[in-house]
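For ligands, and for the atoms within them, numbers begin at 1 and follow the listed sequence.
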Amino acid sequence: MSKKGTYYVTTPIYYPSAKLHIGHTYTTVAADVLARFKRFTGYDVKFLTGTDEHGEKIQKAAQEKGVTPQQHVDEIVSDIKEIWKSMEISYDVFLRTTGEDHKKAVQNIFQKLYDQGDIYKSSYEGWYCTPCESFWTETQLKEDKGCPDCGRPAHLAKEEAYFFKLSQYQDRLIQYFEDHPEICYPESRKNEMLSNFLRPGLEDLCVSRTSFDWGIQVPFDPKHVIYVWFDAVCNYITTLGYGSDNKEEYDKYWPANVHIVGKEIVRFHTIIWPAILMALGEPLPKMVYGHGWILFGSDKMSKSKGNIVYPEPLIERYGIDALKYFLLREFTFGHDGNYTNRVFLNRLNSDLSNDLGNLVSRSIAMIEKYNDGIVPEAKAEGEFDQNLREVVTSAAEKVEEAIDKLQFHDGLEGIWKIIRRVNKYIDETTPWILAKDEENKATLDTVMYNLADSIRIISVLIKPFMEATTKKIWTQLGAEGEVGLQWKDTMEFGKLPAGTKVKKGEALFPRLDVEKEVEALEKINEEYLQQINGGKKEEEAIEIEPKEEITIDDFSKLELRAVEIIKAEKHPKADRLLVLQVQVGQEVRQVVSGIAEHYKPEDLVGKTVILVANLKPVKLRGVESRGMILAAANDEKLVLGTLDEKIPTGTLIS
Ligand code: ME8
């Protein structure tokens, strides 16, 4: 075991029901940085992620695709692993809840709780939200019978079921919250759990289902499958061998140091999961951190609305480190944040290209220019040197403190403070002026050394966040082996050996033309969305506002006829209008239609469309119109209603 002990960090295990987006990337990147940081600072780390593969939602998604649930999850899981690989996520275990070991262990846990009376059989009637796989009581529902977690409509469901005696753990949980505030961070979420759930009173939890079968069977009653959330939370310990014959890893790593989750699943992790652990007589996780959501235009990301961002196009164009940096720097962990391409690109330009990239490139260029690329010895002490060294070597402690509290944005801000300090040092010492006079050589050498060593320290500080960039800086700096490149070395100045040869490389983060990139990204994201939707762009579900009902008699008053457009021209006085001549049986009619922004006159001739033939004639900007052509229209688009085969003009439509 390492000197510092163990560190166990987990992400939620994600549903393989759809492709993961940058919300999932956010959680995983945070856990990855934490894991990397802990490994780097000497801990024996276990970093778990995985997939939560059972439940009605997955079964339904598979049915819709016409494949078995197992085929469905296998396909998406391999996609998920692929994205984590391309992002160099350093997980140690990828747990799948369809794995045999996990299934057996969950059954053992369920059996144990049943045998000791913590699980009992009864029947359940309640409000069920299928997307969240959650039962709710009437009082918990929103006013419109929506699920309190996701807002979507819940429906009444009744089934014979097994229950976990959650209510019995209420007092112990409240006590635990009081004694161990870190069981639920940030503070605001802890208060929410206490006031919304724990204090009003817990009800026993329904932990089995009979309405579908894609799940782990209750070992002693196989027509029931175990509730997917019970199955899922157990992953954190089954992965370590709990519930099997070999729990060596469990003894080593449990309790987890932190479960990182999104805010919507804090309740499962700070109430249900701890109660299960209490029932098992096992220790509780040391910390559960519920971070905020990444929103898209103030909305929760949703594929069906098309307001979703996937990591792949971003990392392909700007690199993994750019995305990781952005996610952890832009958003305050714990709060919601809004994603836009512009915010992303501005952040890249200001912090990565201007601050970090520039510092490295101009420092290396100066060492090449003023000292043939050799890092000189620091021989003289200048006015700004002491302060520079103090600032640069003082960052590590604060960064460590921030990361321990999962305040990644603060950690990064701490590092960027020193990057900006070092950039300022260049302006203060003006090496280009020093270089003009040979007498200043010792001072110039010192400035060059201080720059090189500051960059060494910065490169080590950013390593847990941006490993690839660190390696690129080391190559440019000529830093080799382990000397001066450990975390503790960031607290000491002067570790870069003088005489090291630097070598200018490509710009770490080329400066971006934000306007151009915004345009390019919008196009790329849209194309990507279309590609993963199999060429179809998924459309936003329109909210239907019903009109007053009509009878068949009302409808029969309408005279709808198939007509062919035989001539179309612009309206002489109105840009939005076209004047159409349409053939209706023997007759030719003139109809004025507001479709000029959507159709060119020449494209209309020959189309068979639908005419409301008995509409009272009107004059539109001086031109008579006898009837109206039907079209579907929203704010952006207008499409004429056409008939899908030729039919004689004048034919009645009913
Ligand atoms: O809830 N912003 O899985 P899931 C930030 N299987 N984070 C987001 C996000 C967003 N817009 N969208 C998703 C489940 N996430 C269960 C978990 S654990 C025992 C079982 C992240 O696929 C965030 O971490 O719906 C959130 O909690 C998680 O993805 C939900 O993933």
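For Phe465 and Tyr325, the ring centers are positioned 6.0 Å apart or more. Here Tyr162 and Tyr120 keep their ring centres 6.0 angstrom or further from each other. For Tyr26 and His291, the gap between ring centers is short of 6.0 Å. Aromatic ring centroids of His269 and Tyr236 lie under 6.0 Å apart. Tyr289 and Phe333 have their aromatic ring centers within a separation under 6.0 angstrom.
In terms of protein heavy-atom proximity, atom 30 (C) of ligand 1 is closest to Glu264 OE2, 3.5 Å. Given atom 12 (N) of ligand 1, the protein heavy atom at minimum distance is His21 CE1, 3.2 Å. Ranking the protein heavy atoms by distance from atom 11 (N) of ligand 1 puts Ile294 O, 3.0 Å first. For atom 29 (O) of ligand 1, the closest heavy atom belonging to the protein is His24 CD2, 3.2 Å. Atom 19 (C) of ligand 1 has as its closest protein heavy atom Tyr236 OH, 3.5 Å. Closest protein heavy atom to atom 24 (O) of ligand 1: Thr27 OG1, 2.7 Å. When only non-hydrogen protein atoms are considered, atom 17 (C) of ligand 1 lies nearest to Ile13 O, 3.2 Å.
Around atom 25 (O) of ligand 1, the closest heavy atom drawn from Tyr339, Tyr15, Phe268, Trp229 belongs to Tyr15.
Cation-pi contact between Lys46 and Tyr8: absent, since separation from the ring centre below 6.0 Å together with deviation from the ring axis within 45° is not met.
In this structure, Glu192 does not pair ionically with Lys263, as no charged nitrogen and carboxylate oxygen lie closer than 4.0 Å. By the 4.0 Å N-to-carboxylate-O rule, Asp44 lies close enough to Lys252 to be salt-bridged with it.
Less than 4.0 angstrom separates some heavy atom of Tyr14 from each of these atoms of ligand 1: 3 (O), 22 (O), 28 (C), 29 (O), 31 (O). Under a 4.0 Å criterion applied to the non-hydrogen atoms of Trp293, ligand 1 contributes the atoms 2 (N), 5 (C). Annotation for ligand 1: atoms under 4.0 Å from non-hydrogen atoms of Gly23 are 2 (N), 5 (C), 7 (N), 8 (C), 9 (C), 10 (C), 15 (N), 21 (C). Atoms of ligand 1 found under 4.0 Å from any heavy atom of Asp52 (numbered from 1 in listed order, with element): 6 (N), 16 (C), 20 (C). Atoms of ligand 1 lying under 4.0 Å from at least one heavy atom of Ala232, given by number and element, are 19 (C). Per-residue contacts place Pro12 under 4.0 angstrom from the following atoms of ligand 1 (heavy atoms of the residue considered): 17 (C), 18 (S), 24 (O).
Counting heavy atoms of neighbouring residues, nucleotides and ligands inside a 6.0 Å radius, atom CD of Gln70 exceeds 12 of them.
Of all the heavy atoms of His291, the ones lying under 4.0 Å from any atom of ligand 1 belong exclusively to the side chain.
Tyr169 and Ala275 get closest at one heavy-atom pair: CB-CB, 3.9 Å.
The closest approach between Gly292 and ligand 1 falls below 4.0 Å for a heavy atom of the residue.
Residue Val233 has no N or O atom closer than 3.5 Å to an N or O atom of ligand 1.
Ring geometry, Tyr339 versus Phe344: the interplanar angle falls from 30° to 60°, so the pair is classed tilted.
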